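All figures in this text were calculated on a predicted structure; none of them were measured in a lab. Below, chain A is the first sequence line, B the second, and so on; all start at residue 1.
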There are 2 protein chains.
Amino acid sequence: MDMRDIAKIAGVSSATVSRVINGSPLVRPETAERVQRVIEKTNFVPNGSATTLKYGRSSTFGLIIPDITNPFFPELIRCFEAILVSNDQDMLMATTDFQPAKLQRTIRRMLIRKVDAVALLAAEIETQPIESLMHNRVPLVTLDRRSIARGVSDVAVEYLSGMKQAVEHLKRLGHRRIGYIGGSLGLTISEHRVEGFRTAIEEAGLKYDPKFVLPGNYRISGGEAGMREILAMKTRPTAILATNDLTAIGAMRVARAQGVGIPEEISIIGFDDIELCEIVYPALTTLRLPRQELAQALFRALDVLAKHPHGRGHQSMVSSTLVIRDSTGPALRDRKSASK
Amino acid sequence: MDMRDIAKIAGVSSATVSRVINGSPLVRPETAERVQRVIEKTNFVPNGSATTLKYGRSSTFGLIIPDITNPFFPELIRCFEAILVSNDQDMLMATTDFQPAKLQRTIRRMLIRKVDAVALLAAEIETQPIESLMHNRVPLVTLDRRSIARGVSDVAVEYLSGMKQAVEHLKRLGHRRIGYIGGSLGLTISEHRVEGFRTAIEEAGLKYDPKFVLPGNYRISGGEAGMREILAMKTRPTAILATNDLTAIGAMRVARAQGVGIPEEISIIGFDDIELCEIVYPALTTLRLPRQELAQALFRALDVLAKHPHGRGHQSMVSSTLVIRDSTGPALRDRKSASK
DNA sequence: ATGAAAGCGCTAACAG
DNA sequence: CTGTTAGCGCTTTCAT
C-alpha cells in the first residue's frame, strides 16, 4: 500500500496525496478531505525510508551514552526523548559501556541510518569517531569536552560553582581534609571534574592533597574501592566529594560495612542528584545536575547546527547546585583516625 | 558519495561495489580488494535508507517500555541492545509512561520507520495498537499478555513458582497474614501477578484476604501509599509481597519513616531483583526475574517471527526465583498491631 | 566475473 | 489547484 494506491482510490495523483499528508496549502479542501478519508479508511502509513532517501535526512537523532545502568542516564534519556518526540524526531539510542570499539561501530551504524545529528555523551579521549561524524557533516554535540568546531557544539558542566558550594558547605561544618573519589582515568570529563574540585579546595583556602584524590569508574564499585583505600589511611579525610552519586553510594556502603558512621565520622557528597539519593540511607547530599536543562541544551545545540550546517558550534554551560541531605554533618574532632 | 562514485574510482560498476560490500562470492578477489581499498580510503558509508526502501526492511527492532526510570528496564535494555547489535540490528527505543496515546504515536512512528519487529513491554489493556502492528505484518512480542496470534508471540513470567517460594519462605518464618501491594489497576500484567499471589497463598494453606491486597503503580510512590494504608490498619499483615522492587522500596521507606522495623515488625519481598536491592537498607529479599533470559526470549521470539512471517506466535515462559536478603525475618508474635 | 538497468516510495520542480 | 516525471542510492535480475 503506497501513495499511488491511495491516489487511485481517491481519484487523484500521488503528488496530491503527498501534499495532503504534508499539509500543503496547495490542495482544495474538499480534495484534501477526500484523500484524508481514504488514508484513514485504509490505515495508510507512509514509508519513511523513501522520504529519507529523497532528503538525506531521517528525522532521527542519535544518542550515545556510556552506561544505561547509571540512573542518571535513564533520567536524561527520558527528557531527551520527550523533547525529540515533541519535535517529530525519533531517537536511536546506543550504549558504549566505555568501550571505544563499541563507540566506533555505533557511529558507523548511525551514519548508515542517516541520523540528522548525534548527542555524544560518552566521549573518550579518542577523537577519531568525532572526526568521522564531522567528515560526514553530521551535527554533533558532546558533553563536557569543551572543544567546539565546525558542526560540533559542546555542553559543559560548570563544575566550579557547584564544587565551591560543596566545599564551602563542608568547611562551614568544620571539615579541613576533604578527599575526592573521581572517575576513570584518561577521560577528559574526569579531568575537568578533578580540576573543579582542586580549584574549589584552593579557593576555599584549604590544602589540596593528592593523597586524598583517588580514581574510580563512575560506578558503585569504584566508590567502594576508593572508600576502602581511604579507610585504610592513617590520617584520613573527614569528608569526601564523589564524582557522581553512584560513586558516593559505593563509598557509603563500604563505610557502613566497616562500621564507619556517615555523617558522624565521614561526610559524603555526590554529584548528579539521581532519584536514588533520596532512597539511600542516609539520604545523600549532592550536587544537582539538572537533566531537563541539560537535555534542552543538548537538543538546542543540535537543532541550531542542523539548521546552519556551516556554522561553527557553540559552547554552552549547565551548572550544578548543592542539595543538602543527611550524608554531611559536622567534622569529627581532629584525631588521627576515627573510632566509634 | 555513493556506490557509483566508489565504482568510478575503482573502475568497476556500482553493482560490483554492492557485491563487495555485501560479501558476495561472485567477485574476483583482486577486484574485491581493489574496491575495498577505495571504500576504506574514502571512508565510504552506504546509505541505509536506499536498502530499506528496496527491501522494505530496516534492520531495526523497536522496543517499547513503560518507564525507563524503573531500573529494571535499563538493565533489560542493555541486554536487549547487546543481542541486537550482535545480530546487526539497530534499536528504536521509546517510552510510553503508561499513556495509551503515547503508545499509539510510538507505534505509528515505528511503522513509518519500517521496523522489522517490535517488543512491546508496555501493553495496556488496549489492543488497538497491537492490531495496528498485526495489520502491517510487523512481528510483535509482548510481555505477559499471554495471548498469541499470527505474528504475535508472548513471553510470560511464570509467577506462580516464584510466588510460592516467597510465600513458603515467609510461612517458614512464621508469617500467616501476608499482604500484597500490586501494580496499577487495569493492566493485564497486574492481574496476572495478583493471581499468582492468590494461588500461592491458597496453595500454602493460608488465607487470601482481599483487605491486605492493595493496588500500586509500579513506582516508589505506589509502595509508599500502600504501606501507609497497611500501617493504618488495626490488624495488619506481618509480611508483604510487592509487585516489583520499586514498590517494595517505597514500602520500606514509609515503614522506616514511621519507625516500623524491617524485618523485625514487617517483612517485605520485592520482585525483579534490580541492582538497588543490594544497596537499599535493609537489603531487599526479592524474586529475581532474569533479564538476560528475558531479553533472549524476546529476541528469539521476534527472530522466529521475522523468519516465518506467516507463522503463528509462540508462548514462552521465564520464571523467577527467590533471592533471600535482609528484609525478611521471623514473624512478630501475633498481636493486634505492632509496637516497639 | 562484471555491467546495465529497473524499481523500491516519496517529493518537488515543472507544466498545465 | 492538480498531474507528470525525474531522481534520491541500493540491489538484483538478466545479459554478456
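- With 3.5 Å as the limit, one finds no donor-acceptor pair spanning the side chains of Ser184(B) and Asn217(B).
- Val12(A) comes within 4.0 angstrom of the backbone, heavy atoms only, and of no base.
- Atom CE of Met3(A) and atom C1' of dG3(D) are 15 Å apart (whole Å).
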Under 3.5 Å, which protein N or O atoms sit close to an N or O of nucleotides 13-16 of chain D? Give each pair with its distance.
unit_1  : atom_1 : unit_2   : atom_2 : d
dT13(D) : O4     : Arg19(B) : NH2    : 3.4

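- Dashed line: the shortest gap from a side-chain N or O of Thr16(A) to OP1 or OP2 of dC1(D) is not under 4.0 Å.
- Listed in residue order, the members of residues 32-62 of chain B having a heavy atom less than 4.0 Å from DNA chain C are Leu53(B), Lys54(B).
- Glu81(A) places a side-chain N or O within 3.5 Å of a backbone atom of Thr95(B) that can act as its donor or acceptor partner.
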The dot-bracket string of DNA chain C, counting Watson-Crick and G-U wobble pairs with both distances under 3.5 Å, using [ ] for crossing pairs and | for pairs to another strand, is ||||||||||||||||

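- Candidate nucleotides dC10(C), dC8(D), dA1(C) were compared by shortest atom distance to the side chain of Arg4(B), and dC8(D) ranks first.
- You'll find the side chain of Ile21(A) reaches within 4.5 Å of the side chain of Met3(A), heavy atoms only.
- A salt bridge links Arg37(A) to Glu33(A): at least one charged side-chain nitrogen sits closer than 4.0 Å to a carboxylate oxygen.
- Of the candidate nucleotides dG3(C), dG3(D), dT2(D), dG3(C) has the atom nearest to the side chain of Ser13(B).
- Put simply, the side chain of Arg57(A) never gets that close to the backbone of Asp116(A): no donor and acceptor are under 3.5 Å apart.
- Here dC1(D) presents its P atom at 9 Å from CD of Glu30(A), a figure rounded to the nearest Å.
- Within the 4.0 Å cut-off from OP1 or OP2 of dC10(D), not a single side-chain nitrogen or oxygen of Ser18(B) is found.
- Residues Leu76(B) and Ile65(B) fail the side-chain proximity criterion, which asks for heavy atoms closer than 4.5 Å.
- Here dC10(D) presents its C1' atom at 9 Å from CD1 of Ile21(B), a figure rounded to the nearest Å.
- Summary of the strand contacts: Gly11(B) and Asn22(A) both lie near DNA chain C, and taking for each the nucleotide with the nearest heavy atom, the more 5' one is attributed to Gly11(B).
- Here the closest non-hydrogen pair linking Ser132(B) and Leu111(B) is OG-CD1, 3.6 Å.
- For Met1(A), the side-chain contact (heavy atoms from CB on, under 4.5 Å) partners two or more places apart in sequence, or in a different chain, are Asp5(A), Ile6(A), Thr42(A), Phe44(A).
- In this structure, the side chain of Asn87(A) engages the main chain of Ile83(A) through a donor-acceptor pair within 3.5 Å.
- Side-chain N/O atoms of Arg113(A) and Thr60(B) include a donor and acceptor closer than 3.5 Å.
- Here the side chain of Arg4(A) pairs no donor or acceptor atom with the backbone of Ser14(A) at under 3.5 angstrom.
- Within residues 109-117 of chain A, no residue places a heavy atom under 4.0 Å from DNA chain C.
- Looking at Arg150(B), its side chain never comes within 3.5 Å of a backbone N or O of Arg137(B) through a donor-acceptor pair.
- Using a distance-only test at 3.5 Å, with no hydrogens or angles considered, a donor-acceptor pair links the side chain of Asn70(A) to the main chain of Phe72(A).
- With sequence neighbours excluded, no residue forms a salt bridge (Lys or Arg N to Asp or Glu O under 4.0 Å) with Arg108(A).
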